[in-house]
Structures are given as structure tokens and as C-alpha cells.
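Here is the structure we will look at, set down as C-alpha cells.
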Amino acid sequence: MTDFAKTVRTHFDFLASDFGFVPTSEDAGGVRYDSATLCVEIGAGKGEIDLVFRVKVDTDVLRPYISHVFSLAEVVRYYKTGPFPRFDSFPPIPGASEEQRYVIYLAALTRNYCEEILRGDITALERLSVNRGAKNT
């Protein structure tokens, strides 16, 4: 297990303990957690760390030809009113590397804004998909 994967598993284990996700894969580039309807992928590459939600089912809105992938930032903006909680305003953590701090920041955003989705209600993701379509017309 890489240092990055260890950091992710340490700070995202709540996905398994609180929401029933199963860690299904990990490699040098990231960690993936799966539930029946959703997968959460936390990955590092090209100098950045990303978290995406991938809906694993088709619905009346999320059809096979529509993207089933949503960024954490997109989901937080959906739920959060007011300014986006920025990483540079996140409190320093003594002894933590920048990478560790960013993983902790992503975990905090996920816990604070994504509980509904993590519990399996993908209605917000369907609404985001509809909003994407409206912006493209």
C-alpha cells in the first residue's frame, strides 16, 4: 500500500464504517470505495488530488449516454450556500504534509456535504445532471 493509499484509507474509512462502502481497489494512483449504487474514487495524479462520485445505476435521468460522474466540488456547490470552503482557509495540522492535509480537507467536505448521497439517495446527482443539460442548451 502506498503512502497516499494509507492516508486515504485512514481518513476515508468512515465510508466503510458509517455508510457500508467497501474498499474495492487501491493502487499508487488512488483508492476506490463501492456501494450498491455509488462508487467514490479518490485519486492522485498530475500534481492534484481529486474525488469523484460515480453512479453505478441508470435512472430515468441518469441514462446510459449521460455522464454518471460528479466531482466533489460540484456536489458541495450544490449543497453549500455562500462561499465555497477553500483549502487555504482549512486550519493547519502540525506534522501533516500538504498531501495529507488535502486528503483530510476532502474527507471533511465529503462528511459535511455528502451524507445524503453516501446513504444512497442520488436525487441530488440527478438534479446536477439536469442542471448540466440546461447549461448546455
Side-chain angles (χ1 to χ4, degrees):
M1 186 182 316
T2 66
D3 287 343
F4 177 73
K6 285 179 192 173
T7 299
V8 170
R9 293 288 300 271
T10 298
H11 298 288
F12 279 89
D13 196 48
F14 70 90
L15 293 174
S17 61
D18 297 352
F19 299 100
F21 281 76
V22 176
T24 56
S25 67
E26 61 186 53
D27 57 33
V31 178
R32 177 179 166 150
Y33 291 85
D34 279 280
S35 73
T37 58
L38 193 67
C39 113
V40 180
E41 299 171 351
I42 306 103
K46 298 182 183 176
E48 57 188 39
I49 300 171
D50 293 312
L51 184 149
V52 296
F53 299 98
R54 187 177 307 275
V55 179
K56 296 167 53 176
V57 296
D58 292 332
T59 68
D60 289 341
V61 174
L62 297 170
R63 303 178 68 90
Y65 53 88
I66 301 291
S67 176
H68 287 53
V69 180
F70 302 86
S71 72
L72 175 60
E74 188 177 20
V75 173
V76 171
R77 282 187 186 98
Y78 176 82
Y79 284 110
K80 172 88 172 96
T81 56
F84 191 86
R86 295 171 33 128
F87 174 66
D88 58 7
S89 66
F90 196 67
I93 301 165
S97 70
E98 192 82 357
E99 179 180 87
Q100 290 168 327
R101 284 186 62 232
Y102 199 74
V103 169
I104 293 166
Y105 165 74
L106 294 178
L109 290 178
T110 304
R111 276 186 183 271
N112 291 336
Y113 298 101
C114 303
E115 183 172 341
E116 181 179 290
I117 293 166
L118 296 173
R119 294 213 183 278
D121 183 352
I122 59 171
T123 307
L125 300 178
E126 290 177 318
R127 289 184 187 130
L128 280 168
S129 182
V130 169
N131 290 346
R132 283 176 179 168
K135 288 179 183 177
N136 293 331
T137 57

Which atom of [X] lies closest to which atom of [Y], heavy atoms considered:
X: I49; Y: E99; result: CD1-CG, 3.7 Å
X: Y79; Y: A124; result: OH-CB, 3.1 Å
X: F70; Y: S67; result: CZ-O, 4.2 Å
X: H68; Y: R63; result: CE1-O, 2.9 Å
X: H11; Y: A107; result: O-CB, 3.4 Å
X: F4; Y: G30; result: CE2-CA, 3.8 Å

Taking C-beta and beyond as the side chain, do [X] and [Y] meet within less than 4.5 Å on heavy atoms?
X: F19; Y: E115; answer: yes
X: I122; Y: V57; answer: yes
X: T110; Y: L118; answer: yes

Indicate, with yes or no, if [Y] and [X] share a hydrophobic cluster defined by side-chain heavy-atom contacts under 4.5 Å among Ile, Leu, Val, Met, Phe, Trp and Tyr.
X: F87; Y: V8; answer: yes
X: V31; Y: V52; answer: no
X: I42; Y: I93; answer: yes
X: I104; Y: Y102; answer: yes

Evaluation steps, salt bridge (charged side-chain N to carboxylate O under 4.0 Å, His left out), between R101 and E98: CA-CA 5 Å; R101 284 186 62 232; E98 192 82 357; 3.6 Å; yes
Any residue meeting ring pair (Phe, Tyr, Trp, His ring centres under 6.0 Å) with F12, in chain and number order, not counting sequence neighbours: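 Ring pair (Phe, Tyr, Trp, His ring centres under 6.0 Å) check on F12 returns F14.
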S129 side chain to L125 backbone, donor-acceptor under 3.5 Å: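 A pair under 3.5 Å: no.
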Set of side chain to side chain donor-acceptor pair (under 3.5 Å) partners for T37, sequence neighbours left out: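 Listed in chain order: nothing, the list is empty.
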[X] [atom1] to [Y] [atom2] distance, which is reported to the nearest 0.5 Å:
X: D34; Y: K56; atom1: CG; atom2: NZ; result: 3.5 Å
X: L128; Y: S71; atom1: CG; atom2: OG; result: 8.5 Å
X: R77; Y: L72; atom1: CZ; atom2: CG; result: 9.5 Å
X: E41; Y: S25; atom1: CD; atom2: OG; result: 7.5 Å

Test side chain to side chain contact (heavy atoms under 4.5 Å, CB included) applied to L38 and L15, V55, D121, the passing residue: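 Checked L15, V55, D121 against L38; only one passes side chain to side chain contact (heavy atoms under 4.5 Å, CB included): V55.
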Under 3.5 Å side-chain donor-acceptor pair for T59 and E126: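 Side-chain D/A pair, T59 to E126: present.
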